[in-house]
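Every chain is numbered from 1 and lettered A, B, ... according to where its sequence line falls, protein lines coming before strand lines. Remember, predicted model here, so these are calculated numbers, not experimental data.
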Protein chains: 2
Amino acid sequence: MNRQGVEGRGRALGETVGDEIRRLLVEGELVPGQRLSESALGERLGVSRNTLREAFRGLAHEGLVTHRPNRGVFVTTPSLASLVDIYRLRRFIECQALREAVPGHPAGQRMRTAIEQARDGRERQDWQAVGSSNMAFHAAIVSLADSPRLDAFFRQVSAELRLAFGMLSDQEWLHGPYVERNLHVLEAFEGGDPAQAATLLEQYLSQSERTLLAAYARDNPAD
Amino acid sequence: MNRQGVEGRGRALGETVGDEIRRLLVEGELVPGQRLSESALGERLGVSRNTLREAFRGLAHEGLVTHRPNRGVFVTTPSLASLVDIYRLRRFIECQALREAVPGHPAGQRMRTAIEQARDGRERQDWQAVGSSNMAFHAAIVSLADSPRLDAFFRQVSAELRLAFGMLSDQEWLHGPYVERNLHVLEAFEGGDPAQAATLLEQYLSQSERTLLAAYARDNPAD
DNA sequence: TTGGTGTGATTGTTCAACAATAGAGATGTT
DNA sequence: AACATCTCTATTGTTGAACAATCACACCAA
């Protein structure tokens, strides 16, 4: 009788549920602030409350979901403070990864493919795809540091940021302009000038932050 | 009938169980490689299997515990690779935090108190206390970056590292020599020379890494 | 309006059950 | 003895039902 809504994978456990919810999250099916009822969501995914609760724990740990004791779990509503924190982090991590990277690191290839995919998405006006590719580009930058733990951490922060992007309108304006700037960074890096690449990236991130904060303030006047 | 072994806190949930296990972990009551049976540990802590499982999820997410599907959860045995990764990370994060810190940052005070506590511990030959204070010192360095997320990440990595220290003998040699070096770093920093402080810290961490890896190799010849 | 008070819905936690799996031991073959 | 195969068993994976604890809200009194 088990594993109905989630198709039966042999290997994994109800951990698949976590992935499933994550997917609903980045696809915007579940929006920030929304309450995730244990019984309702459990029924929808075809799992029991206990299993769902386990999944919630992981998601809460990643910050995608917020647990208010005795009240339930809610899709995290990114605060202005958290956005500022995330961008501070990104500058801190990405710029140094770029600056200290060994030349010819294989991640350069991943950066290049990410840019190409972003271009594809832009042509199709698929801004969600552009956003994903964009994040892949930055994840590649982080991977220059060759630290699995740092990669995992960045992946987590990205997901949280993704949540914020999802709650805003004007996706084109948020993602579009950065495709070409990614390319500039890559060119500086592969041209053997990591310091210059880091400087470009720093400006890039600061501008991106301003844009995001402005959009946030516009869409959430209450805050 | 609930909440027996774990004394009944009114506000929190079986999440207390996570803290409890964490405590057992850093105190060395639970050693790396050990299997954590759901029924046994559940009985010992006075919680049900389901509640315990929820706690396991969080711990696994922090890397303190490793989940092998259908086989159970085990206290993580830090690998050589993970130690190398952790030290790479520490150099990456701590040195830059120090380098970019604003002068007169309040965390300087926390660094100073940590050093004093480490000295106390050293006098009492309480090497576990020295290790804790040492970590507090480095956490203070990270907090110079003013990023809650980075702080949380570092706390997590520290706990994992702590696990590794716990499995080694020769605690005095691992912790003792660094108390004074912490002071040198602090002095350089408060003397207004962050670059010098970062350089000192870098050497410090590299030496600490060598010592740790050597001890690890000695105690785990199999690896 | 302000301040209780009950009431219903949801979470927190336990328990008992069963399916699924890995590992150990037993069996049999060469 | 070495090896593959086959039970068998203990443990995990997951469920559903139960009940206690807690919160949100409507209702009512002053």
Side-chain angles (χ1 to χ4, degrees), chain A residues 1-22 24 30-61 63-77, chain B residues 1-22 24 30-61 63-77:
Chain A
M1 181 192 293
N2 61 21
R3 213 50 62 55
Q4 318 151 0
V6 177
E7 87 239 3
R9 317 270 218 81
R11 45 159 266 303
L13 63 172
E15 174 160 8
T16 326
V17 175
D19 298 341
E20 185 71 4
I21 298 177
R22 239 179 300 263
L24 295 177
L30 266 28
V31 304
Q34 180 175 352
R35 170 154 158 275
L36 301 180
S37 150
E38 295 186 350
S39 30
L41 191 54
E43 183 148 4
R44 171 170 173 186
L45 298 176
V47 298
S48 77
R49 275 181 64 208
N50 280 314
T51 303
L52 187 58
R53 267 168 146 268
E54 272 187 47
F56 278 163
R57 271 304 183 90
L59 295 168
H61 212 275
L64 294 179
V65 122
T66 302
H67 184 172
R68 265 111 118 200
N70 286 315
R71 309 222 272 117
V73 317
F74 300 73
V75 180
T76 301
T77 303
Chain B
M1 182 193 293
N2 62 21
R3 211 51 60 58
Q4 319 151 1
V6 177
E7 88 239 2
R9 316 272 219 77
R11 48 165 264 300
L13 64 173
E15 175 159 7
T16 326
V17 175
D19 298 341
E20 185 70 5
I21 298 178
R22 241 179 298 264
L24 295 177
L30 266 28
V31 304
Q34 182 174 350
R35 170 154 160 275
L36 302 179
S37 150
E38 296 185 349
S39 30
L41 191 55
E43 183 147 3
R44 172 169 173 186
L45 299 176
V47 298
S48 77
R49 275 181 65 207
N50 281 313
T51 303
L52 187 58
R53 270 169 143 269
E54 271 187 46
F56 278 163
R57 271 305 184 91
L59 295 167
H61 212 276
L64 294 179
V65 122
T66 303
H67 184 174
R68 267 112 118 199
N70 287 313
R71 309 222 270 118
V73 317
F74 300 74
V75 180
T76 301
T77 303

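Atom pair B:N70:CG and C:dA20:P shows a separation of 11 Å (rounding to whole Å applied). C:dT10 atom P lies 14 Å from atom CZ of A:R53, rounded to whole Å. Distance B:F56 CZ to D:dT12 C1': 11 Å, rounded to the nearest Å. Distance CG (B:L52) to P (D:dT14): 15 Å, rounded to an integer number of Å. Here D:dA10 presents its P atom at 17 Å from CD of B:E38, a figure rounded to the nearest Å. Whole-Å rounding puts the B:E43 CD to C:dT13 P distance at 19 Å. Atom pair B:H67:NE2 and C:dA22:P shows a separation of 12 Å (rounding to whole Å applied).
Between C:dG12 and B:T51, no contact under 4.0 Å exists linking OP1 or OP2 to a side-chain N or O.
Annotation: side chain of B:L36 is in contact with side chain of B:L30 (closest heavy-atom distance under 4.5 Å).
Contact of B:R71 with D:dG13 (side chain to base): no donor-acceptor pair of N or O atoms is detected under 3.5 Å.
When each of A:E54 and B:R35 is assigned the nucleotide of DNA chain D with its nearest heavy atom, B:R35 is the one assigned upstream, toward the 5' end. Each of B:S39 and A:R49 was matched to the nucleotide of DNA chain D holding its nearest heavy atom; the match closer to the 5' end belongs to B:S39.
When all heavy atoms of A:V65 and A:F56 are compared, the closest pair comes out as CG1-O, 4.3 Å.
Side-chain proximity of A:N50 to D:dT12, D:dA17, D:dG13: nearest is D:dA17. Set against D:dT15, C:dG12, C:dT13, the side chain of A:S48 has D:dT15 as its closest nucleotide.
For the pairing with B:L41, the side chain to side chain contact (heavy atoms under 4.5 Å, CB included) check across B:V47, B:L52, B:V17 returns one residue only, B:L52. Here the options are B:E43, B:E38, B:E54, the test is side-chain hydrogen bond (donor to acceptor under 3.5 Å, both in side chains), and the partner is B:R49; only B:E38 passes.
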